[in-house]
Amino acid sequence: MSETPREDFRAAAHTAADLVADYLGAVADRPVWQPVDEAARERLLGAPLPAAGRPLEELLAAVGEQVMPYPMGNGHPRFFGWVNSAPAPAGVLATLAASAMNPSSAGGDHADVHLERAVVRWIAELVGFPHGPGAGILTSGTSMATVLCLAAARGRAARRAGWDVREDGLAAMPPLVAYATGETHSCVRKAVELLGLGSRNLRTVPAGPDGRMDVAALRRAVAADRAAGLVPFLVAASAGTVNTGAVDPLDAVADLCAEEELWLHVDGAYGAFGVLDPEIAHRYAGMERADSLALDPHKWLGVPVDCGCALVRDASELRGTFSLVPPYLRDEEAGGLGWFSEYGMEQTRPFRSLKVWATIAHRGRDGIAADVARCTALARRLGGLVEKDPELELAAPVETSIVAFRHRVPGLPEEDADAVNRALPLAVQRRGRAFVTGTVLGGREALRACLLNAATTEEDLEVLLDEVRAATAELAAGLRRG
């Protein structure tokens with residue numbers, strides 16, 4: 001603030017508030033997404049390093065003119081792509097205050113540290129996961145949360161086998177083996193590779209026609225690996241896959257893990273908050289039995305990016321994996337829990353907890369549960385609309401708030417119909433009225449619509465399907481002419 005007069009900052013802050021409020025208020029009236037035009041792209045890419053500074057008001061004008069007209073689209077009620085939510089207004093406001101305070105949330109006696117312990121407990125309570133003091137930490141996202149959880153699982157497995165993996169590494173140990181289905185998020189494989197376990201030792205467990213883990217096949221795989229002298233140590237189950245939203249049979253997987261003394265990790269990045277909807281809560285039975293759970297407040301809760309969370313049953317496993325306190329970071333007042341930096345990889349950590357606190361406190365548990373239930377109800381409605389249309393078909397059952405479907409493209413051979421479905425997502429996106437992404441299920445191209453925005457309406461669902469039909473007609477006509 002020393003180089004910016006206080007009143008200049010106040011005036012610019014008011015301008016910024018108006019800019020953001022106008023942007024959020026007009027989201028639904030704009031195209032969901034459109035490509036950045038060539039001139040704007042070059043202006044952003046080729047921006048020269050400034051020699052002289054610019055006034056705050058001028059900078060804000062540039063943001064409004066050069067950046068905000070070209071969004072990803074995820075604030076729009078007809079954005080159904082990937083798993084990206086609209087930002088919660090309370091979280092947007094809290095982000096400004098957190099940036100102004102700008103602490104490192106590694107540890108110490110300041111508000112953000114205590115607030116993080118509270119919101120981690122809130123998150124655990126929302127999804128029904130048992131929580132003890134210190135048994136959780138906010139992260140950049142579930143990808144990092146998964147690294148932390150699998151590192152703790154690796155440490156426990158090595159210790160039980162008589163090794164100290166922090167001191168000795170993995171070189172002399174028998175291979176540790178993990179298990180997941182082909183539908184498990186790629187962050188699990190990345191974590192396995194990063195932790196030195198090797199993707200060769202990540203077994204792909206078959207899934208049934210419903211996309212859920214085949215527990216009998218898992219049992220056979222574990223037995224085979226034990227017989228081969230390997231060390232099974234972890235099962236990564238899904239509480240809502242990204243492709244279809246399928247939830248693995250968590251109770252049955254937890255039974256097997258208890259029998260075999262395996263660490264059960266649940267990837268709840270997208271879907272864990274679905275447990276708040278009474279209509280589908282039964283699907284999540286057993287999630288509370290996991291040794292670790294990774295999930296993303298920046299997905300279904302709408303906390304502005306970035307914010308993930310790692311929850312563990314035993315805080316000592318996480319702390320024992322990462323704690324390293326050099327003399328210059330000693331804090332005699334830290335108490336029994338120590339610093340957050342002892343529970344993960346980050347030493348300098350951003351003030352993530354304030355936007356989580358604001359988002360949850362603004363809606364409350366009841367409001368969040370209602371938002372989740374609305375999204376799942378809309379997904380079931382979209383699934384019903386697809387089933388009623390003779391030219392559309394579901395590619396998988398609707399379990400949470402993801403709907404995977406394809407266009408049959410009557411009159412074209414299957415190979416050409418698959419080509420149309422592969423091209424459909426971008427064709428729909430470019431039309432600007434809806435945004436949907438694609439995937440491959442059972443070897444066939446499919447569309448997938450993820451519903452995370454409680455502001456979405458049934459009319460928006462009709463628009464999405466109208467756009468799919470119109471884009472299909474254009475693509476099919478092009479193929480026939482070709």
Side-chain angles (χ1 to χ4, degrees), residues 1-21 23-24 47 49-50 52-64 67-68 85 87-123 134 136-141 143-145 148 296-298 301-310 322 324-326 328-331 333-335 337-362:
M1 192 68 73
S2 59
E3 296 180 8
T4 303
R6 187 181 304 273
E7 290 309 313
D8 286 354
F9 180 83
R10 186 183 302 277
H14 283 295
T15 300
D18 289 339
L19 182 67
V20 171
Y23 172 83
L24 293 175
L49 173 67
R54 300 166 69 182
L56 292 178
E57 292 279 358
E58 186 178 318
L59 293 177
L60 288 169
V63 170
V67 177
M68 298 182 82
S85 64
V92 173
L93 295 174
T95 300
L96 176 61
S99 298
M101 294 178 72
N102 198 37
S104 171
S105 298
D109 185 14
H110 41 118
D112 51 310
V113 173
H114 306 303
L115 196 59
E116 181 162 347
R117 298 211 185 278
V119 300
V120 167
R121 173 172 50 80
W122 284 7
I123 292 167
I137 185 171
L138 298 181
T139 65
S140 58
S143 291
M144 180 52 69
L148 304 190
D296 277 335
H298 68 211
L301 292 191
V303 172
V305 171
D306 65 6
C307 189
C309 183
F322 293 102
L324 183 63
V325 184
Y328 54 83
L329 289 177
R330 278 201 308 259
D331 182 356
E333 302 297 321
L337 296 180
W339 281 28
F340 275 113
S341 55
E342 295 182 65
Y343 294 77
M345 288 298 300
E346 293 176 299
Q347 180 61 49
T348 300
R349 305 178 64 249
F351 190 0
R352 296 184 176 105
S353 62
L354 190 60
K355 59 188 177 183
V356 181
W357 171 85
T359 299
I360 296 176
H362 180 62

Of all heavy-atom pairs between [X] and [Y], which one has the smallest distance, and what is that distance?
| X | Y | value |
| --- | --- | --- |
| P103 | A98 | CD-O, 4.0 Å |
| P87 | P304 | CB-CG, 4.5 Å |
| L148 | G344 | CD2-CA, 3.8 Å |
| L19 | L60 | CD2-O, 3.9 Å |
| C309 | A145 | O-CB, 3.7 Å |
| E58 | R54 | OE2-NE, 2.9 Å |

So how far is it from [X] [atom1] to [Y] [atom2], rounded to the nearest 0.5 Å?
| X | Y | atom1 | atom2 | value |
| --- | --- | --- | --- | --- |
| E116 | F351 | CD | CZ | 9.5 Å |
| F9 | H14 | CZ | NE2 | 10.0 Å |
| R121 | I123 | CZ | CD1 | 11.0 Å |
| I137 | E342 | CD1 | CD | 10.0 Å |
| Y343 | L337 | OH | CG | 5.0 Å |
| T15 | R10 | OG1 | CZ | 13.0 Å |

Beyond-backbone contact of D112 with L354, side-chain heavy atoms, under 4.5 angstrom
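A side-chain contact is absent here, since even the closest heavy-atom pair is not under 4.5 Å.
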
Does F340 reach the side chain of E346, with side-chain heavy atoms less than 4.5 Å apart?
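No, their side chains stay 4.5 Å or more apart.
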
Within the supplied structure, the quantity of interest is the number of heavy atoms (other residues, nucleotides, ligands) at a distance under 6.0 Å from W357 CH2; does it exceed 12?
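For W357, atom CH2 is not crowded (no more than 12 foreign heavy atoms under 6.0 Å).
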
Is the number of heavy atoms from other residues, nucleotides or ligands within 6.0 Å of CE (M345) greater than 12?
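Count not over threshold, so no.
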
Exam field: side chain [X] to backbone [Y], donor-acceptor pair closer than 3.5 Å:
| X | Y | answer |
| --- | --- | --- |
| K355 | D306 | yes |
| R352 | T139 | yes |
| H298 | C307 | yes |
| S353 | V113 | no |

